[in-house]
Amino acid sequence: MEHLKKQNIGCEIYYLCDALQECFGYLGYKEGDFPEAEKAANEVLALPVYPELTDEMKDYVFGRFLKH
């Protein structure tokens, strides 16, 4: 993620384990109840992908991502 940001490529970790989302708070789950799902949610990186990306932009984003 640090490498991509240094290359001016937007990326973030946006995901949260479903059981820990505020809307499911009434279920009473807490951090650590779903360790594998929480680990995955903290590691999934969102890259810029949208219809307006040109082939050149995709090559720039994914070429740099795949090199590391």
Side-chain angles (χ1 to χ4, degrees):
M1 190 161 117
E2 184 178 322
H3 172 74
L4 293 173
K5 286 188 174 190
K6 284 181 182 176
Q7 303 299 315
N8 294 316
I9 297 173
C11 59
E12 278 300 328
I13 296 176
Y14 292 115
Y15 306 101
L16 179 65
C17 176
D18 285 345
L20 300 179
Q21 292 188 33
E22 186 177 334
C23 61
F24 297 117
Y26 69 93
L27 296 172
Y29 294 117
K30 62 187 180 316
E31 193 170 330
D33 285 344
F34 298 93
E36 292 302 316
E38 292 169 36
K39 182 178 184 289
N42 288 323
E43 294 176 352
V44 173
L45 199 68
L47 295 172
V49 178
Y50 50 92
E52 292 81 10
L53 279 176
T54 65
D55 286 340
E56 181 180 348
M57 293 164 79
K58 286 184 267 188
D59 289 342
Y60 180 80
V61 170
F62 297 106
R64 297 202 187 284
F65 180 72
L66 295 174
K67 287 180 184 176
H68 293 81

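As a basis for the values below, the full set of heavy atoms in this structure was taken, side chains included, without hydrogen atoms, waters or symmetry mates.
Nearest heavy atom pair, residue A19 against residue F24, reads O-CB, 4.2 Å. Among all heavy-atom pairs drawn from M57 and Y50, the shortest one is CE-OH, 3.6 Å. Heavy-atom minimum distance, I13 versus A41: CG2-O, 3.4 Å.
In this structure, the side-chain contact (heavy atoms from CB on, under 4.5 Å) partners of A37, at least two apart in sequence or on a different chain, are C17, F34. Scored by the side-chain hydrogen bond (donor to acceptor under 3.5 Å, both in side chains) test, D33 finds K30 as partners (sequence neighbours excluded). Under the salt bridge (Lys or Arg N to Asp or Glu O under 4.0 Å) criterion, E56 pairs with no residue, sequence neighbours left out. Listed by chain and residue number, nothing satisfies the salt bridge (Lys or Arg N to Asp or Glu O under 4.0 Å) test with E52 (two or more places apart in sequence, or in another chain). In this structure, the salt bridge (Lys or Arg N to Asp or Glu O under 4.0 Å) partners of E12, at least two apart in sequence or on a different chain, are K5. Legend: residues meeting side-chain hydrogen bond (donor to acceptor under 3.5 Å, both in side chains) with D55, ordered by chain and number and at least two apart, are K58.
Residues V49 and L4 share a single hydrophobic cluster, defined by chaining ILVMFWY side chains whose heavy atoms lie under 4.5 Å apart.
Pairs engaging residues 20-29 under the side chain to side chain donor-acceptor pair (under 3.5 Å) rule: D18-Q21 [sequence neighbours left out]. Screening residues 34-49 for salt bridge (charged side-chain N to carboxylate O under 4.0 Å, His left out) gives K39-E43 as the qualifying pairs, with residues at least two apart or on separate chains.
Just one residue in the list I9, L45, L47 forms a side chain to side chain contact (heavy atoms under 4.5 Å, CB included) with M1, and that residue is L45.
Summarising the hydrophobic clusters (Ile, Leu, Val, Met, Phe, Trp, Tyr; side-chain heavy atoms under 4.5 Å, direct or chained), the residues clustered with L20 are L16.
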